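Report on the structure given below.
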Amino acid sequence: MKLRFLNLRGSDIDFNPVFFSYLIITYDDLLLFVDSQKLPGDFSQHQSENNVNITILPYIDIGQELCQIVSNKNGKIWISPSSSYYLTALVPKSKRLQRITPIAESKAIKNNVEIEGFINSHIRDGVALCQYFAWLENAIQTGEKVDELSGADKLESLRCTKEFYMGLSFNTISSSGPNGSVIHYRPTKETNRLINDKEIYLCDSGAQYLDGTTDVTRTFHFGNPTDFQKEAYTRVLKGQLTMGSTIFPAKVKGQVLDTIARKALWDIGLDYGHGTGHGVGHFLNVHEGPMGVGIRVMPDDPGLQENMFISNEPGFYQDGEFGIRIEDIVQIVPAQSKYNFANRGALTFKTITMCPKQTKMIVRDLLTALEIDLLNGYHQLVWNTLSPILAQEGDSFTLSWLKKETQPI
Ligand SMILES: [Mn+2]
């Protein structure tokens with residue numbers, strides 16, 4: 001079952017290509033409540049060309065229309081648990097079916113067009129990221145002054161040259177030293193710090209492309225990291241590699257996997273205060289349910305299923321000193337397993353984010369042979385995927401940085 005009723009986008013909310021509206025679906029009609037001035041001139045034509053019959057009503061009429069449906073129709077009304085109190089209260093309890101709608105679950109499982117777009121947009125995004133980090137490393141090492149804000153601007157200026165770019169998917173978390181330990185930090189004029197070779201630089205960023213949404217974090221040290229920083233980084237990476245290669249039964253709740261990503265940190269009494277994974281919309285919200293991987297209970301999680309896309313982002317934060325996070329977007333794909341969970345089906349993850357992870361920060365002895373293979377395999381894939389594009393663009397500067405950063409350890 002694939003339910004994508006309208007597949008519309010808008011621009012009412014920064015970073016999220018959505019718009020204020022309500023939709024009521026009846027057996028006979030689709031009622032879209034939206035300020036009709038927001039609709040493009042060819043909207044009705046586009047809908048009829050795609051065989052969509054839709055009635056447009058004023059946004060403010062939702063309550064009135066819902067009341068009429070309640071009094072005129074028998075049977076239950078399926079209302080999303082995230083609907084407002086006002087709308088929920090208009091439906092008498094006896095008529096309410098209040099649980100997560102099939103649309104939310106279906107939207108989380110990407111179709112073939114969305115999968116292809118996700119993969120392609122992550123490749124273009126990866127090129128921009130490599131161009132930025134190559135530029136940044138060189139700038140810091142040659143004494144050029146780059147701060148959190150000008151760094152974020154540089155990254156945006158590289159992303160916006162890429163095909164199908166529509167804007168950022170959230171405010172870039174460009175953070176130097178202690179600012180990196182603030183998990184939801186974003187640089188302002190007051191907090192802005194220079195990026196330097198004495199402190200860790202954490203950059204969590206993402207973009208909206210017409211064919212996909214990206215969200216990626218990389219952590220770098222452009223000088224000499226301390227032993228503790230290297231140990232913490234390595235253990236964050238261990239968690240990410242282990243989670244990213246875990247085989248699990250189909251439809252297991254995301255929460256079950258959370259501990260896997262934390263184990264290497266827990267082993268030495270370290271932890272992080274955020275979730276390990278969230279769903280990502282397809283040219284939609286960068287955080288999108290109903291599934292997720294975290295300590296927090298997610299009651300609406302329908303279980304992890306093939307072709308869902310989530311983030312894999314463990315981290316570690318030393319208050320007032322530094323932050324470390326490594327974040328990829330992963331696609332849920334079938335896995336080879338000996339017994340296939342008695343036909344329940346085995347799944348695993350495929351990383352679609354394309355950007356090297358700084359090997360200089362790694363304590364090799366802390367990694368298992370399997371983890372080393374996984375990391376080297378990932379870097380080989382990144383090199384194979386991005387190097388032809390950089391070569392075609394004639395960007396030999398970024399190409400040589402990529403070569404250095406994807407060397408096997
Ligand atoms: Mn994320």
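Both ligands and their constituent atoms are indexed starting at 1 by order of listing. The structure displayed is predicted, hence computed values, not measured ones. In this chain, numbering begins with 1 at the start of the sequence shown.
Taking the Mn ion (ligand 1) as reference, the nearest N/O/S atom within Asp215 carries the name OD2.
Between Tyr209 and the options Lys162, His282, His122, a side chain to side chain contact (heavy atoms under 4.5 Å, CB included) holds for only Lys162.
Between the OE2 atom of Glu327 and the OE2 atom of Glu313, the angle centred on the Mn ion (ligand 1) amounts to 80° when rounded to 10°.
Taken from CD in Gln240 to CG in Asn312, the straight-line distance is 4.5 Å, to the nearest 0.5 Å.
In this structure, Asp211 pairs ionically with Arg124, as a charged nitrogen and a carboxylate oxygen lie closer than 4.0 Å.
Put simply, the side chain of Thr234 gets close to the backbone of Val363: a donor and an acceptor are under 3.5 Å apart.
Checking His287 against the Mn ion (ligand 1), every N/O/S atom stays at or beyond the 2.8 Å cut-off.
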